[in-house]
Structure formats: structure tokens, C-alpha cells
Amino acid sequence: MSSPDGAGASQTLAVIDFETTGMSPGMGARATEIAAVLVRNGQIVGRYQSLMRSGAWVPPFITQLTGISNAMLEAAPAAAEVMREVGEFIGDAPLVAHNAAFDRGFWRAECERADVAPPPVDSGFACTLLLARRLYPEAPNHRLGTLKAFHELPDAGRAHRALADAEVTAHLLLRMQRDVERRFEDQIGEEGATHALLLKLQRAPRQRLGDCVRAHRVVCAA
DNA sequence: TGCCAGGCCCTCTTTAGGGCCTT
């Protein structure tokens with residue numbers, strides 16, 4: 001049997017999280033911190049975290065939210081240097097984030113500014129927010145902090161810091177992979193809940209997740 | 001703190017509007 005992404009149980013996924021000065025790079029917001037957590041074989045196998053000096057001003061409410069100040073960024077490595085470093089750390093591992101649309105926007109913008117090619121984005125960006133809405137409709141809401149409490153995930157430190165949020169997202173991803181494999185045990189096959197399957201599930205109608213897994217299996221077996 | 005934006009989902013929809021989630 002083969003998997004369309006060439007992966008199996010040992011597939012390495014990269015969970016990333018940005019802290020930023022605002023909501024949209026299109027409105028001038030810049031990244032202030034990035035973290036990447038590698039997961040493989042059901043566990044965290046690598047961590048990267050760095051503040052990023054872009055020259056952008058950090059608003060007071062962002063400092064209050066994240067603990068990241070303008071003074072901290074003055075001593076941080078340049079944003080372009082950090083993006084090159086994190087790109088090397090991640091390699092060709094497929095990406096995952098909570099509300100991936102947000103992190104994808106900053107990933108693309110900061111890669112472009114740093115003149116770094118962003119190949120992992122082209123292989124798809126799995127989103128634990130979209131997956132949580134499908135897998136856990138009974139959760140009070142699908143914010144990262146709520147899902148952490150809902151599943152009693154391990155504490156990773158201060159929320160709204162990149163590494164802590166990336167680690168919580170990584171634990172959520174691992175929980176989701178286990179739940180998908182358990183829930184669709186009869187259909188899922190040996191490769192398990194791969195990145196390719198998660199990309200399909202996050203777009204599938206909530207009531208037809210089983211059909212999605214079966215259809216994925218047919219593609220894998222072809 | 002809650003706007004801003006962007007992408008997505010849901011429904012009182014589809015020639016739309018409102019809510020969720022991220023910093």
C-alpha cells in the first residue's frame with residue numbers, strides 16, 4: 001500500500017505558530033515571534049522558537065497580550081535570518097497550525113520579505129481549528145485554549161507565546177490523529193491519520209467524515 | 001478591548017449576511 005504524500009506512520013509534521021503586531025500582513029502587521037514543533041510517531045521530536053526583529057512597532061495591547069515588548073525585539077535576530085533558520089529546521093515537513101489561514105498569511109509574507117522560498121505551503125496547510133470543528137462539535141468553542149482544557153492537554157507555558165501555543169497545537173494534533181485512527185479504525189489503513197488525510201477531513205462535511213476516510217483509502221490503494 | 005483582515009462555516013443561503021478564530 002502507498003500513501004499519496006509518501007508518508008506513513010513515521011511522517012514528520014511541523015506545527016507552527018506566529019505572534020504578530022496585528023491581524024493582517026496586508027495591513028502592515030509583522031511577525032514578532034515564530035515557533036515550530038516537529039511531531040513524529042505520536043510525539044514531539046523537535047522544537048524551534050525565536051523572536052524576530054522586523055523594525056515594526058509593537059502596540060501596547062499586543063505587549064499585554066503576548067508579553068513581547070519593543071525592547072525585547074531590539075535584541076532579537078533579524079526577521080529574514082529567523083525565517084531562513086526556521087525554514088531549514090522545518091525542511092520539507094508539511095505544515096499544521098491552529099487557524100492556518102492566519103499563520104499562512106504571515107508565513108508567506110515573511111518568507112517573501114526574507115526572499116525565502118516557502119515550499120511547505122504548496123503541499124497544504126493543515127488546520128486544527130477546521131478539524132476541531134468537525135471532530136469535536138460538542139466543544140464549547142474551538143479556540144486553542146478551550147480545546148486545551150476540553151481535552152486536558154499538557155500545559156506548555158504562557159499562552160500567546162509562540163512556542164507554548166505551537167506545543168499545545170501539537171498536542172491537539174496528536175490527539176486528533178489518535179481520535180481519527182480510533183474512530184475510523186476499520187477504514188483508515190496502516191498509514192494512519194496522515195497530513196494528506198487531515199487536509200481532506202478539514203474540508204469534508206461534518207456528517208460525512210467516514211465517507212471521506214473511505215475515499216482517501218481508495219486513492220491510497222490505487 | 002475590540003476594532004481592523006482573511007478565510008472559513010452555517011443558515012433565517014446561494015444575486016447574502018453574520019459568526020468564529022487568529023494577534
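Every chain is numbered from 1 and lettered A, B, ... according to where its sequence line falls, protein lines coming before strand lines. Since the model is a prediction, treat every value here as computed from it, not as a measurement.
Residue contacts shown for A/Arg134 are limited to sugar-phosphate atoms, with no base heavy atom under 4.0 Å away. A/Arg203 comes within 4.0 angstrom of the backbone, heavy atoms only, and of no base.
In this structure, A/His151 and A/Tyr136 have perpendicular ring planes: the angle between them is above 60°, well past the 30° mark.
For the pair A/Gln202 CD and B/dG7 P, the interatomic distance rounds to 15 Å; values are reported in whole Å. Look at CZ on A/Phe106: it is 12 Å from C1' on B/dC4, rounded to the nearest Å. Computed from coordinates, the A/Gln207 CD to B/dC9 P distance equals 14 Å when rounded to whole Å.
Comparing B/dG17 with B/dT23, their C1' atoms are spaced 25 Å from each other, to the whole Å. Using atom P as the reference point in both B/dC8 and B/dC3, the two lie 23 Å apart (nearest Å). Taking atom C1' on both B/dT15 and B/dT22, the two are 31 Å apart, rounded to the nearest angstrom. Taking atom C1' on both nucleotides, B/dC4 is separated from B/dC10 by 24 Å, rounded to a whole Å. B/dG2 and B/dG6 are spaced 22 Å apart, taking the P atom of each and rounding to whole Å. Atom name P, nucleotides B/dT13 and B/dG19: the rounded distance is 15 Å, in whole Å.
Counting all heavy atoms, side chain and backbone alike, A/Leu147 lies closest to A/Ala139 at CD2-CB, 4.1 Å.
Positionally, the nearest nucleotide of DNA chain B for A/Gly26 lies more toward the 5' end than for the other of A/Ala204 and A/Gly26.
No side-chain N or O of A/His160 forms a donor-acceptor pair with one of A/Thr66 less than 3.5 Å apart.
Separation of atoms SG (A/Cys212) and CZ (A/Arg134) is listed at 9.5 Å; rounding is to 0.5 Å.
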Checklist entry - What string of B, S and - do you get for nucleotides 18-23 of chain B, 5' to 3', if B is base contact, S is sugar-phosphate-only contact and - is no contact with any protein heavy atom under 4.0 Å? => result --BBBB
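The pair A/Arg161-A/Asp165 fails the salt-bridge criterion, with no side-chain N (NZ, NE, NH1 or NH2) lying under 4.0 Å from an Asp/Glu carboxylate O.
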Checklist entry - Given the rule in the side-chain contact (heavy atoms from CB on, under 4.5 Å) test, do A/Val96 and A/Thr128 qualify, once you have shown the distances and angles that lead to the verdict? => result CA-CA 7 Å; A/Val96 182; A/Thr128 51; 3.9 Å; yes
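Partners of A/Ala109 by side-chain contact (heavy atoms from CB on, under 4.5 Å), not counting sequence neighbours, listed by chain and number: A/Pro25.
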